[in-house]
Participant: 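One structure, as structure tokens, below. Some questions next.
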Amino acid sequence: MKQLLYCLLVVLFAPPLAVADTRFNMTPGVTEISGKVYHLHMTILYICCAIGLVVFGAMVYAMINYRKSKGAVASHFHESTKVEIAWTILPFIILILMAIPATKTLIAMEDPSNADLTVKVTGSQWKWHYSYFDQDIDFYSILATPRAQIDGTETKGEHYLLEVDKPLVLPINRKIRFLMTSEDVIHSWWLPAFAVKKDANPGFINEAWTRIDKPGIYRGQCAELCGKDHGFMPIVVQALPEAEFDAWVTEQKQAAGAAAEAAQAALSQTLSKEELMTQGEQVYLGHCAACHQPNGEGLQGVFPHLKGSPIATGPLGGHLEIVLNGKTGTAMQAFGKQLTAQEIAAVITYERNAWGNNTGDAVQAKDVNEHMNGSAGTQASATAPANTTPTPAPATDAPTTEPTAVVDPASLPTLSHDALMAEGETVYATICAACHQLTGAGVPPAFPALAGSAIATGPVANHIDIVMHGKTGTAMQAFGKQLSPQQLAAVITYERNAWGNNTGDTVQPADIASHGQ
């Protein structure tokens, strides 16, 4: 009998002990929380093993010692009060013993307070957008696995489908809060080494946090079935010592300044059609091919084709508009803030001349900039054929994407209240609703309500100030450099008159420019 019990112990406990340190088991990770989750997992596993030992041990013992061949005769009994009490109380006690450590771990996982750094994580098909609060740093992180590896024409690399062009860089030994949301469908930001897995829902904000103990590179991926390229949405985090992270932040701010200068210089450059096509193909494969396919034929009924399409072969203005500002109600994103004017010019040139479209157009960065600024007569540059048809600029009240700059208030347009409300609703739904909700009700206490709030119904100057400069120590970002004076005026007008606020205020772009000066 003792030998039988020893065999049972080996059978039940050997597998979990054997896989405890293998790639098939959950890992301890590199954070305090991930360690707690791992130990909780192993504790529950051993409790389950012990229960299995008792239950199956009793079964095997009964089958061996009370089998018919030994002359055993079954007893006839039922409704034993003692047995019923025992099998009710014992599982209850076991569940309580399991619930205590589980509850402590869950409470610790849901406490993002007193964070040293806040990062907003926005999912979109199929990339991640990271924004560092109070650092004026934001970027998109996109799959970097070469298309040839995906298509099977090259040998797959070590980190196949788990590599990106720009990793999320975080410091160790600091508490980091994540705010998760989405631009389109439900995604899920999952990083096993941090024990962080949180859904990113459109129109809502979820919170998570971590404190990384060890420097290194950690990989994860979207854990929600978010569309056909769900498997091409990796997460890469580079954890740096605190001093190195601070140096990285400084480098990013300097790089942003250099990029702005390069973008400005590109406006005066005229590239050949061949140069634009070469660059445009790279941009297309990195940002557009996932939906419209490398051959431009799209996916019937899901993503429209570009080969021979009315957009890619029609008026240039319409093509610029949809690439810059997207298309509401579809999966077509706005790339005005994701790509530079030079990259947009290149990819549009490529789309208008690839796959037999052959329009002959060569779009320059200055053409994109003029369209973004609403300049009249946006057209392909001098390198395009002479018969290229000029296209009209968007209406005066169309959203622009130029950041606020020091401008003469007198040069800005004066818009009607209705025009500002219409544009403001669009800006609000795109920029603000993820936190404050479409109804203006917010998600207290993390994101205050705007309906009936002291900010949205109080002095206009206070409202302008918090939207332009943000609020230190909260999730409220500074939008003074992200939105144009017209967009800021429109969204503030909308917030002061929507959801029953009805202040009657009409804020003009000139008011924003004057406030900024």
Side-chain angles (χ1 to χ4, degrees), residues 127 140 142-151 153-154 165-166 255 258-298 303-325 332-373 375 377-391 401:
K127 60 179 79 75
Y140 286 84
I142 301 171
L143 176 72
T145 297
R147 192 77 209 179
Q149 290 186 20
I150 297 172
D151 294 337
T153 57
E154 286 185 5
D165 59 345
K166 294 181 181 179
E261 293 177 2
Q264 187 64 34
L267 299 180
S268 59
Q269 294 178 347
T270 299
L271 301 182
S272 68
K273 182 181 171 183
E274 289 71 23
E275 290 173 319
L276 289 166
M277 288 292 289
T278 301
Q279 182 181 3
E281 183 178 14
Q282 296 303 314
V283 176
Y284 181 86
L285 291 175
H287 294 82
C288 315
C291 296
H292 298 293
Q293 303 302 294
N295 59 10
E297 294 184 355
F303 302 109
H305 60 89
L306 294 180
K307 181 180 180 180
S309 76
I311 290 293
T313 59
L316 177 58
H319 199 166
L320 282 165
E321 182 66 23
I322 198 167
V323 173
L324 286 167
N325 300 317
M332 181 60 192
Q333 304 174 41
F335 286 92
K337 292 182 180 179
Q338 300 187 38
L339 303 175
T340 65
Q342 182 62 66
E343 289 173 322
I344 291 173
V347 77
I348 290 178
T349 299
Y350 178 75
E351 292 174 352
R352 296 180 73 79
N353 292 279
W355 320 301
N357 287 345
N358 301 334
T359 64
D361 295 335
V363 185
Q364 301 294 339
K366 64 181 180 181
D367 301 322
V368 177
N369 187 59
E370 287 172 0
H371 189 92
M372 293 169 70
N373 285 327
S375 300
T378 300
Q379 58 184 358
S381 67
T383 56
N387 62 351
T388 301
T389 304
T391 55
T401 53

Participant: When you look at Ile150 and Leu143, which way does the side-chain contact (heavy atoms from CB on, under 4.5 Å) test go after all the steps?
Facilitator: CA-CA 11 Å; Ile150 297 172; Leu143 176 72; 4.0 Å; yes
Participant: Between CH2 of Trp355 and NE2 of His305, what distance do you get to the nearest 0.5 Å?
Facilitator: 11.5 Å
Participant: Is any side-chain heavy atom of His319 less than 4.5 Å from a side-chain heavy atom of Glu351?
Facilitator: yes
Participant: Listed by chain and number, what are the ring-ring contact (aromatic ring centres under 6.0 Å, His included) partners of Tyr140, not counting sequence neighbours?
Facilitator: His129
Participant: Give, for atom CG of Leu320 and atom CG of Asp367, the distance between the pair rounded to the nearest 0.5 Å.
Facilitator: 7.5 Å
Participant: Within the 3.5 Å criterion, strictly below it, is a donor on Asn295 or Lys307 matched to an acceptor on the partner's side chain?
Facilitator: no
Participant: So, using salt bridge (charged side-chain N to carboxylate O under 4.0 Å, His left out) as the criterion, who are the partners of Glu154 when residues are at least two apart?
Facilitator: none
Participant: Should the heavy atoms of other residues, nucleotides or ligands under 6.0 Å from CD of Gln149 be counted, would the total exceed 12?
Facilitator: yes
Participant: Examine the side chains of Glu321 and His371 and answer whether a donor and an acceptor come within less than 3.5 Å of each other.
Facilitator: yes
Participant: Answer yes or no: is there a side-chain heavy-atom contact under 4.5 Å between Tyr284 and Leu306?
Facilitator: yes
Participant: Verify, without hydrogens or angle tests, whether Asn353 (side chain) and Gly360 (backbone) share a donor-acceptor contact under 3.5 angstrom.
Facilitator: yes
Participant: Looking at Val283, is its backbone amide N or carbonyl O close enough to the side chain of Glu343 to form a donor-acceptor pair, meaning the two atoms are under 3.5 Å apart?
Facilitator: no
Participant: Would a 4.5 Å heavy-atom cut-off, applied to side chains only, mark Val368 and Gln342 as touching?
Facilitator: no
Participant: Are side-chain heavy atoms of Thr313 and Asn358 found at a separation under 4.5 Å?
Facilitator: no
Participant: Ignoring hydrogens and angles, tell me if any N or O in the side chain of Asn325 forms a donor-acceptor pair with the backbone of Ala334 under 3.5 Å.
Facilitator: no
Participant: Are Ile322 and Met332 side-chain neighbours, meaning at least one heavy-atom pair lies under 4.5 Å?
Facilitator: yes
Participant: What is the distance from atom OG1 of Thr270 to atom CG of Leu267, rounded to the nearest 0.5 Å?
Facilitator: 11.0 Å
Participant: Pairs of donor and acceptor atoms involving the side chains of residues 274-282, under 3.5 Å and at least two apart or interchain, shall be tabulated with distances.
Facilitator:
{"unit_1": "Glu275", "atom_1": "OE1", "unit_2": "Ser272", "atom_2": "N", "d": "3.0"}
{"unit_1": "Glu275", "atom_1": "OE1", "unit_2": "Ser272", "atom_2": "OG", "d": "3.3"}
{"unit_1": "Thr278", "atom_1": "OG1", "unit_2": "Glu274", "atom_2": "O", "d": "3.0"}

Participant: Ignoring hydrogens and geometry, is there a side-chain-to-backbone donor-acceptor pair from Thr153 to Ala148 under 3.5 Å?
Facilitator: yes
Participant: Under the 3.5 angstrom rule, does the side chain of Arg352 hit a backbone N or O of Gly314 as a donor-acceptor pair?
Facilitator: yes
Participant: Let me confirm one number: the CD1-NE2 distance from Ile344 to His287, rounded to the nearest 0.5 Å.
Facilitator: 10.0 Å
Participant: Just how far is it from atom CD1 of Ile348 to atom CG of Leu316, taken to the nearest 0.5 Å?
Facilitator: 6.5 Å
Participant: What class does the angle between the rings of Phe303 and His292 fall in, given that below 30° is parallel, 30 to 60° is tilted and above 60° is perpendicular?
Facilitator: perpendicular
